[in-house]
Amino acid sequence: MRKILLPALIIAAAVLILARLFYLQILDDSYIKKSENNAIKIKYEYPERGYIYDRHGKLMVANQPSYDIMVTPNEMPKQGSDTLEICSLLNITKEEFIKKIEKARVYSPRLPSVFLPQLNKKEFAAFQEKIRKFKGFDIVKRSLRDYQVNAGANVFGYIAQVNDAIIRKKPYYKSGDLIGKQGVEEMYEEVLRGVKGVKYIQRDRFNREIGPFKDGIYDTIAVQGKDITLTIDAELQKYGESLMFEKRGGIVAIEPKTGEILALVTAPSYDPALLVGRERSKNYLMLEQDTLGIPLFDRGLLAEYPPGSPFKILTGLIGLQEEVIDENTAFVCHHGFFYGRGAFMKCHDNGTNRLHEAIYKSCNTYFASTYKLTIDKYPKPQYGVNAWSSHLKSFGLGDFLGYDLPPGRKGLVPTSKFYERFYPNGGWRSSTIISNSIGQGEIKMTPIQLANMMAAVANKGYYYTPHIIKKIEDGEIDKKFTTKHVTTIDKQYFQPVIDGLYDVYNYGTAHGLGVEGIEICGKTGTAENFTKINGVRTQLTDHSIFVAFAPRHDPKIAIAVFVENGYWGSRWAGPIATLMIEKYLKGKITRKDLETTMLTKGLKQEYEKVTSGKPFLINQPLYR
């Protein structure tokens, strides 16, 4: 047996080696293609990207043809091409020509790379007519985006050429390829881009093309990208951007029953067509260098603000759940709330309020008292803060919501560990952090978090992860967008709060902003605004905030509006929220008084205070 074992192992090993050699040399042509690279030319066929539609089937983003001039340095004649003629045709200088050839040689002397991208039809026709004279140059047809709307730049994102880092990380991409950046172009890149087609072309010893390699058995055809339908309402998005005339801030509208994002507005914004074509780099640099308006900064996802008075909704709900108050609990307000060592929290109200009145009057004393009772219910403030924090996190606060857009910001919901870093020796209590009760303090929220909070209130205790994808051609959306998230607040506690929110429009801080025929539940907010100017902490004009949902009994839209430096909630954010709701539910506007003001008046002077008279770039025509 031992005599047979060793020869058998040797024979088996030999058979495996021979089989592998047979496969590599006879069956597998991949090594032939690599070893004969000089004799084989690879051409890529680029598919059209998928189209993008809004929730009603309106085409928002299509494609337009574009042409890139590619160069393979080793294929250029040794004596050089007719440089001056090429420069004249393409309207570039000789120095630019040399620089581009050197860059291509650094990338690869044997592989094609982009010499000049995104020629228009006229430029392409002029070069195509004489390309036979320019050895080493070729033309590749691609598709660029063709925007059918001039709104939603932050939603779409843009496409740009891949850089070396992307090529190293993702071998699918080659020099000159385009990739989605920001917005849905980035998040759904693999769906939208399609699959490149590849052709292997055999060349003879004179470098002439003689036909497909191996009769084209390795060639593949391009597969067009898949179309996608977004949850966005194109008309509502455009209207929201127009309402933010000469304002900075964000608007987020969500359908409560599904979590579908109806509008995602950031202001200032820009025409998405600016980031298409030969002028893309110049325009992008201009937008990026605007450090005042920051148009590339999506305030709906990235801006973290103190939520102000809309946070009182959560303070009341948590107080009800923790059973430190009920809807009949009353507190007396004398224009403010005394706490700590003679500290005083001002309030515009005066008198005795129950929950209902406290909501529509926005009484600081009521919610400060409720917050204090909530924290003090527990034997230690650490336990109380952690219980309070857990309730807030059940609304998706203090963390990324998981939406299908580039990650925004988490906001901040402090826990006991947060305060222990600032008070390592203890000594803090409910009165120390009482500002949390009215959405000031350490609380930070993004507009999309506030809108999602209102969706959860409208649904009386649950929400769906906000998302922007509604349908993918021949595909399915992620199941997490149809998974219900339930808050820690029992359903029974939402109704008294909703009743108070309804009367904000009837008797409260939004009185006079209502729309006939629509029952809107809302809450105004005014948040203190501090910044550093020349190293000094300076208080600026307060932010204007408003949250709402409608209709009252069958909510179809929940919305949050932030207007930076907008004074109080009912001055700018409230009217914008009302108009957005009416536009979505009715398709027309009856509150022409509010509309005219929002479309024609802004806060240019407020923003100039911060910039010490520097030009307010939002006035340029390319911004909105």
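Heavy atoms only: backbone and side chains are in, while hydrogens, waters and symmetry mates are out.
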Checklist line | Expected output: side-chain E45 to main-chain G197 donor-acceptor under 3.5 Å | finding: no
Item checked: Test of ring centre spacing under 6.0 Å for Y584 and Y239 -> no
Note to self: Testing the basics here: between F546 and A510, what is the closest heavy-atom pair and its distance to 0.1 Å?
What the structure shows: CE1-CB, 3.9 Å
Check: Within the side chain of N163, is there an N or O that forms a donor-acceptor pair under 3.5 Å with the backbone of A165?
Finding: yes
Margin query: I'd like to know if the side chain of D146 and the backbone of A62 have a donor-acceptor N/O pair within less than 3.5 Å.
Written below: no
Check: Taking side chain as C-beta onward, heavy atoms only, is I261 less than 4.5 Å from I448?
Finding: yes
Margin query: Run E595 and K592 through salt bridge (Lys or Arg N to Asp or Glu O under 4.0 Å) and show every step you take.
Written below: CA-CA 5 Å; E595 183 181 57; K592 293 294 183 181; 3.4 Å; yes
Notebook entry, point to check: Between Y44 and Y46, what is the ring plane arrangement, given parallel below 30°, perpendicular above 60°, and tilted in between?
Noted result: tilted
Check: Where the side chain of K601 meets the backbone of F245, is there a donor-acceptor pair that is under 3.5 Å apart?
Finding: no
Checklist line | Trace of the side-chain contact (heavy atoms from CB on, under 4.5 Å) decision for Q128 with I139 | finding: CA-CA 8 Å; Q128 173 74 2; I139 294 178; 3.3 Å; yes
Checklist line | Stepwise side-chain contact (heavy atoms from CB on, under 4.5 Å) test for V252 and T446 | finding: CA-CA 10 Å; V252 182; T446 61; over 6 Å; no
Notebook entry, point to check: So E189 and R49, salt bridge (Lys or Arg N to Asp or Glu O under 4.0 Å) or not? Walk me through it.
Noted result: CA-CA 9 Å; E189 162 68 10; R49 287 180 78 84; 2.9 Å; yes
Margin query: Using 0.5 Å steps for rounding, measure from the CD atom of E279 to the CG atom of L285.
Written below: 12.0 Å
Notebook entry, point to check: Roughly how far, to the nearest 0.5 Å, is CD1 of I131 from CG of D138?
Noted result: 5.5 Å
Notebook entry, point to check: Got a sec: does the NZ of K130 have more than 12 other heavy atoms crowding it under 6.0 Å?
Noted result: no
Note to self: How close do I559 and M454 get, counting heavy atoms only, and between which atoms?
What the structure shows: O-CG, 4.4 Å
Notebook entry, point to check: Which class fits the ring pair F134 and F137: parallel under 30°, tilted 30 to 60°, perpendicular over 60°?
Noted result: perpendicular
Item checked: Neighbour count above 12 (heavy atom, 6.0 Å) for E473 CD -> yes
Note to self: Using only atom types and a distance under 3.5 Å, with no angle test, would you say the side chain of T487 pairs donor to acceptor with the backbone of F395?
What the structure shows: no
Checklist line | Counterpart residues, salt bridge (Lys or Arg N to Asp or Glu O under 4.0 Å), relative to K470 (two or more places apart) | finding: E260
Note to self: Can a donor-acceptor pair be found, under 3.5 Å and without considering hydrogens, that links the side chain of E304 to the backbone of G411?
What the structure shows: yes
Item checked: Rounded distance [0.5 Å steps], CZ in R248 versus CZ in R299 -> 6.5 Å
Next item on the list: Verify side-chain contact (heavy atoms from CB on, under 4.5 Å) between L450 and F562, making sure each step is shown before the conclusion.
Entry: CA-CA 10 Å; L450 258 185; F562 274 84; 3.3 Å; yes
Checklist line | Matching residue for E235 among K588, K58, K583 - test: salt bridge (Lys or Arg N to Asp or Glu O under 4.0 Å) | finding: K58
Margin query: Using modelled atom types and a 3.5 Å cut-off, is there a donor and acceptor pairing between side-chain atoms of Q118 and backbone atoms of G277?
Written below: yes
Notebook entry, point to check: Rounded to the nearest 0.5 Å, how far does SG of C521 lie from CD1 of I581?
Noted result: 9.5 Å
Item checked: Closest non-hydrogen atom pair between D54 and A234, with its separation -> OD2-N, 3.0 Å
Checklist line | Any side-chain heavy-atom pair of V547 and L501 under 4.5 Å | finding: no
Check: Quick check: are there more than 12 heavy atoms from other residues, nucleotides or ligands sitting under 6.0 Å from NZ of K196?
Finding: yes
Next item on the list: Answer yes if the side chains of E564 and Y607 hold a donor-acceptor pair under 3.5 Å, and no otherwise.
Entry: no
Item checked: For the student: nearest non-hydrogen atoms of I520 and A548, plus distance -> CG2-CB, 4.0 Å
Next item on the list: Side-chain contact test, heavy atoms from C-beta onward, threshold under 4.5 Å: evaluate it for M187 versus I469 and give yes or no.
Entry: no
Margin query: Checking side-chain polar atoms at under 3.5 Å, does R193 have a donor or acceptor matched by the opposite partner on Y173?
Written below: yes
Check: Is the distance between the ring centroids of Y67 and F127 less than 6.0 Å?
Finding: no
Margin query: Is the shortest side-chain heavy-atom distance between L287 and L275 below 4.5 Å?
Written below: yes
Check: So how far is it from L405 CG to L301 CG, rounded to the nearest 0.5 Å?
Finding: 5.5 Å
Check: Are any non-hydrogen side-chain atoms of Q161 and V114 less than 4.5 angstrom apart?
Finding: yes
Notebook entry, point to check: Do we see a donor-acceptor contact under 3.5 Å between the side chains of Y147 and D271?
Noted result: no
Margin query: Check whether E96 reaches the backbone of N91 with its side chain - one donor and one acceptor, N or O, closer than 3.5 Å.
Written below: no
Item checked: Distance-minimising heavy-atom pair for E606 and N565 -> CG-O, 3.9 Å
Next item on the list: Specify whether F481 and H467 have parallel, tilted or perpendicular ring planes, treating 30° as the upper limit for parallel and 60° as the lower limit for perpendicular.
Entry: parallel
Margin query: Can you classify the ring geometry of Y218 versus F213 as parallel (below 30°), tilted (30 to 60°) or perpendicular (above 60°)?
Written below: parallel
Next item on the list: Assign the ring pair Y463 / H485 to parallel, tilted or perpendicular, where the plane angle (0 to 90°) is split at 30° and 60°.
Entry: parallel
Notebook entry, point to check: In terms of ring plane angle, is the pair F97 and F115 parallel, tilted or perpendicular, where the classes change at 30° and 60°?
Noted result: perpendicular
Check: Take atom CG in D593; do more than 12 heavy atoms of anything else shown fall under 6.0 Å from it?
Finding: yes
Margin query: Between R55 and L262, is there a side-chain heavy-atom distance shorter than 4.5 Å?
Written below: yes
Checklist line | Distance, nearest 0.5 Å, that separates NZ of K100 from CD1 of I92 | finding: 6.0 Å
Margin query: As a test of understanding, state which of V155, V61, L264 forms a side-chain contact (heavy atoms from CB on, under 4.5 Å) with L230.
Written below: V155
Check: Side chain of K480, backbone of G402: donor and acceptor closer than 3.5 Å?
Finding: yes
Notebook entry, point to check: How about D399 and K393: do any of their side-chain heavy atoms sit closer than 4.5 Å?
Noted result: no
Next item on the list: Would you please test D298 and R409 for salt bridge (Lys or Arg N to Asp or Glu O under 4.0 Å) and show each step?
Entry: CA-CA 11 Å; D298 191 333; R409 299 280 173 81; over 6 Å; no
Notebook entry, point to check: Would you say L599 has more than 12 foreign heavy atoms packed within less than 6.0 Å of its CG?
Noted result: yes
Next item on the list: Would you please test L90 and L119 for side-chain contact (heavy atoms from CB on, under 4.5 Å) and show each step?
Entry: CA-CA 9 Å; L90 300 177; L119 273 68; 4.0 Å; yes
Item checked: Residues, nucleotides or ligands: over 12 heavy atoms within 6.0 Å of K181 NZ -> no
Next item on the list: Kindly say whether G152 contributes a backbone atom to a donor-acceptor pair with the side chain of E241 at under 3.5 angstrom?
Entry: yes
Next item on the list: Taking the side chain as every heavy atom from C-beta outward, state whether Y53 and M60 have any pair of such atoms under 4.5 Å apart.
Entry: no
Item checked: Pair D164-Y107, side-chain donor/acceptor within less than 3.5 Å -> no
